[in-house]
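These notes are about the structure you will find just below.
Predicted model, so just to flag it, every value in this text is computed and none were measured.
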Amino acid sequence: MKTTFWSDPTGGGTLRQNEGMSPSLLIVEDDDTIRDTIREALFVEGFDVTACGDGQAALTLIEQQRQEPFSLIVLDLMLPGVLSLIHIS
């Protein structure tokens, strides 16, 4: 099995497993260290993980994934500007 890593325009990056066969997660966290730690830990556990550092980037990613939505969004509730994300439900 080959896994790949590439960055995305949000600055957080995406880690993908086995060409999209794993559940996809979105991590929204403004602290780089916490975001990277969560992203890498979940990737090791077998998830496709996309991460970003702010609410606007999260909304952009969610919109881009409308056809194949994220299985789970892990959201920093103390994230600046996060009130706009409440409307995605």
Side-chain angles (χ1 to χ4, degrees):
M1 285 184 211
K2 181 181 176 187
T3 57
T4 57
F5 170 81
W6 64 90
S7 293
D8 64 24
T10 65
T14 300
L15 295 172
R16 296 220 186 265
Q17 299 275 359
N18 307 324
E19 302 187 28
M21 299 301 292
S22 300
S24 62
L25 310 178
L26 174 61
I27 309 300
V28 187
E29 169 60 62
D30 60 329
D31 183 291
D32 294 342
T33 303
I34 295 171
R35 183 177 60 242
D36 291 344
T37 301
I38 294 170
R39 181 180 59 190
E40 291 171 17
L42 291 171
F43 176 73
V44 167
E45 291 299 322
F47 296 97
D48 285 345
V49 185
T50 301
C52 62
D54 62 67
Q56 187 57 51
L59 289 172
T60 299
L61 288 165
I62 291 165
E63 184 61 34
Q64 290 172 352
Q65 292 290 121
R66 281 270 185 219
Q67 298 299 326
E68 296 180 39
F70 293 102
S71 301
L72 178 71
I73 299 173
V74 179
L75 177 63
D76 175 359
L77 293 179
M78 300 301 290
L79 187 70
V82 79
L83 289 179
S84 61
L85 288 176
I86 293 172
H87 299 290
I88 64 172
S89 61

Where Asp48 and Ser22 come nearest, the two heavy atoms and their spacing = OD2-O, 3.6 Å
Kindly compute the distance separating OG (Ser24) from CZ (Phe70), expressed to the nearest 0.5 Å.
-> 6.0 Å
To the nearest 0.5 angstrom, please state how far the CD atom of Gln64 sits from the CZ atom of Arg66.
-> 11.5 Å
CG/Asp36 to CZ/Phe43 distance, rounded to the nearest 0.5 angstrom?
-> 13.5 Å
To the nearest 0.5 Å, what is the distance between CD (Glu45) and CG (Leu25)?
-> 11.0 Å
Leu79 and Asp54 have their tightest heavy-atom pair at CD2-C, 4.1 Å
Would you check if Ile62 and Ile73 make a side-chain contact, meaning some heavy-atom pair closer than 4.5 Å?
-> yes
CG/Leu26 to OG/Ser71 distance, rounded to the nearest 0.5 angstrom?
-> 11.0 Å
CG of Leu42 to OG1 of Thr37, rounded to nearest 0.5 Å, is 10.5 Å
Do Val28 and Asp76 have side-chain heavy atoms sitting under 4.5 Å apart?
-> no
Determine the minimum heavy-atom distance between Asp32 and Arg35, stating which atoms define it.
-> OD1-NH2, 2.5 Å
Determine whether Thr60 and Gln56 make a side-chain contact, defined as any pair of heavy atoms from C-beta on separated by less than 4.5 Å.
-> yes
